[in-house]
Amino acid sequence: MNGVFLLLALALCLLALAFVLIPLLREPRDAMGPSRREGVLAVHRDRLAELDQDLAAGSLTKERHARALADLERELLDSGVLETGPDTGGERRGTRRLVQVAALASMALLPFLAVGTYLSVGYSDEVFAARAPAGQTLPAQPQAEPSDEEMTREFTRLVEGLQVRLAQDPEDLQSWVLLGRTLTYLDEFEAAGRAFGEALRHGGDRDPEVLVRYADVLAELEGGLAGEPAALIEQALAIDPDHPQGLWLAGTLAYQQEAVEEARNYWGRLLAILPAESPEAEVIRGNLAELTLR
């Protein structure tokens with residue numbers, strides 16, 4: 001495909017050059033060759049002879065004869081015969097040679113200059129991009145993952161946008177939840193706690209996901225799941241008894257309080273709903289194995 005594109009581009013350049021170079025290389029139609037010059041001079045001599053005969057016969061006066069001679073001389077000058085001598089012919093041939101050299105140089109260089117300019121400033125990357133054969137697809141190119149600094153900048157911009165939106169619409173539950181989750185990622189737990197608290201006041205207390213996330217943030221701030229986080233976890237499981245994060249936190253809380261049977265109960269229920277080969281299921285199996293040793 002790329003070779004075909006180059007051939008077509010060169011062919012179009014040559015076609016465009018043909019419209020310019022052919023007229024330059026062609027012999028001018030009004031060029032005065034030797035045979036034509038001799039014919040013009042012969043006609044001039046014949047007309048001079050006719051004027052002399054008319055003057056001798058008395059059919060022309062001297063004044064009219066003189067005017068007729070002046071007209072003939074002017075026509076001869078206009079025909080270019082007097083300007084086309086041996087020197088003029090050599091000069092014309094030199095000019096023709098320069099024109100031919102310039103035309104051939106243009107034909108040789110201009111297509112390659114055009115292609116080179118296209119490769120420099122055109123869309124050559126798209127034209128010459130690697131393409132898979134018909135019916136096949138190229139392997140996906142690996143993309144560099146964003147760095148921690150880039151992710152932090154992106155989430156910071158997201159926080160600023162959410163704050164502007166919530167200033168205009170404080171009743172937007174999803175924006176409060178998203179703000180809390182984003183602030184949690186940025187390790188700004190106090191601000192995240194305030195955002196989840198607002199979410200609960202605007203309907204989030206009926207959503208087990210919001211309740212569990214708020215409990216997790218409070219546990220970070222208070223140093224444990226006892227107290228208000230435990231109440232939030234219990235409230236979440238009352239709404240959805242099989243909420244995975246709620247079961248995980250409830251089992252963790254029971255483990256911290258050395259309530260082994262409760263921890264086994266919560267983690268057992270969690271293991272039953274997790275994909276068997278998932279990393280999370282492997283962690284839970286390890287926790288349950290540790291509980292059997294107690």
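Excluded from the calculations below are hydrogen atoms, water molecules and symmetry mates; all remaining heavy atoms, backbone and side chain alike, are included. In this text, all values refer to a predicted model and were calculated from it rather than measured experimentally.
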### Message
With a 4.5 Å cut-off on side-chain heavy atoms, are E198 and P170 touching?
### Response
no

## Note on the structure
In this structure, CD of E188 is separated from OG1 of T156 (nearest 0.5 Å) by 7.0 Å

### Message
Treating W176 as the side-chain partner and E171 as the backbone partner, does any N or O pair qualify as donor plus acceptor under 3.5 Å?
### Response
no

### Task
Begin from the C-alpha positions of N287 and Y255 and carry the test side chain to side chain contact (heavy atoms under 4.5 Å, CB included) through to its verdict.
CA-CA 10 Å; N287 290 349; Y255 179 81; over 6 Å; no

### Message
Quick one, L270 and P244 - any side-chain contact, counting heavy atoms below 4.5 Å?
### Response
yes

### Message
Distance check, rounded to the nearest 0.5 Å: T182 atom OG1 versus L158 atom CG?
### Response
4.0 Å

### Closest non-hydrogen atom pair between A192 and T184, with its separation
CB-OG1, 3.5 Å

### Query
After noting the C-alpha distance and the side-chain angles of Q245 and L249, does the key distance pass the side chain to side chain contact (heavy atoms under 4.5 Å, CB included) rule?
CA-CA 6 Å; Q245 185 70 8; L249 292 178; 4.1 Å; yes

### Set of residues satisfying side chain to side chain donor-acceptor pair (under 3.5 Å) with respect to E261, sequence neighbours excluded
R264

#### Entry: Derivation of the side chain to side chain contact (heavy atoms under 4.5 Å, CB included) call for V217 and L183
CA-CA 10 Å; V217 170; L183 291 169; over 6 Å; no

### Query
Taking atom CZ of R206 as the centre, does the number of heavy atoms from other residues, nucleotides or ligands within less than 6.0 Å exceed 12?
no

#### Entry: Where P208 and H243 come nearest, the two heavy atoms and their spacing
CB-CD2, 3.9 Å

#### Entry: From D216 atom CG to F189 atom CZ, the distance as rounded to the nearest 0.5 Å
8.0 Å

### Query
Going from CD on E222 to CD on E220, what distance comes out if it is rounded to the nearest 0.5 angstrom?
11.0 Å

### Query
Which heavy atom in A230 sits nearest to a heavy atom in L253, and how many Å separate them?
CB-CD2, 3.4 Å

#### Entry: Salt-bridge present (E209, R213; N to O < 4.0 Å)
yes

### Query
Which heavy-atom pair separates L173 from G204 by the least distance, and what is that distance?
CD1-N, 3.7 Å

### Message
Within a 6.0 Å radius of atom CD on E150, are there more than 12 heavy atoms belonging to other residues, nucleotides or ligands?
### Response
yes

### Task
Would you sort out whether W267 and L247 count as a side chain to side chain contact (heavy atoms under 4.5 Å, CB included), showing the intermediate values?
CA-CA 7 Å; W267 285 343; L247 291 172; over 6 Å; no

### Task
Kindly give the heavy-atom pair with the smallest separation between A254 and E262, and that separation in Å.
CB-CB, 3.8 Å

### Task
Nearest 0.5 Å please: distance from the CD atom of E290 over to the CG atom of L288.
10.0 Å

### Query
Same hydrophobic cluster for Y185 and V212, using side-chain heavy-atom links shorter than 4.5 Å among ILVMFWY?
no

### Task
Look at the side-chain heavy atoms of Ile, Leu, Val, Met, Phe, Trp and Tyr, link any pair under 4.5 Å apart, and say whether V177 and Y214 land in one connected group.
yes

### Query
Can you name the nearest heavy-atom pair linking L166 to S175, along with the distance?
CD2-CB, 3.5 Å

### Flag if over 12 foreign heavy atoms under 6.0 Å of CD, E234
no

### Message
Check for me, please, whether L291 and W248 land in the same ILVMFWY cluster - side-chain distances under 4.5 Å, paths through other members count.
### Response
yes

### Query
Any side-chain heavy atom of L211 within less than 4.5 Å of one from L200?
yes

### Task
Kindly compute the distance separating NE2 (H202) from CG (D172), expressed to the nearest 0.5 Å.
9.5 Å

### Query
Considering residues, nucleotides and ligands other than E190, do more than 12 of their heavy atoms fall under 6.0 Å from its CD?
no

### Message
Side-chain heavy atoms nearer than 4.5 Å, only ILVMFWY residues, links allowed to pass through others: does that put L225 and L221 together?
### Response
no

### Message
Looking at E160 and R157, is there a salt bridge between them, counting it only when a charged N and a carboxylate O are closer than 4.0 Å?
### Response
no

### Single-linkage hydrophobic cluster, 4.5 Å side-chain cutoff, L271 and I273 together
yes

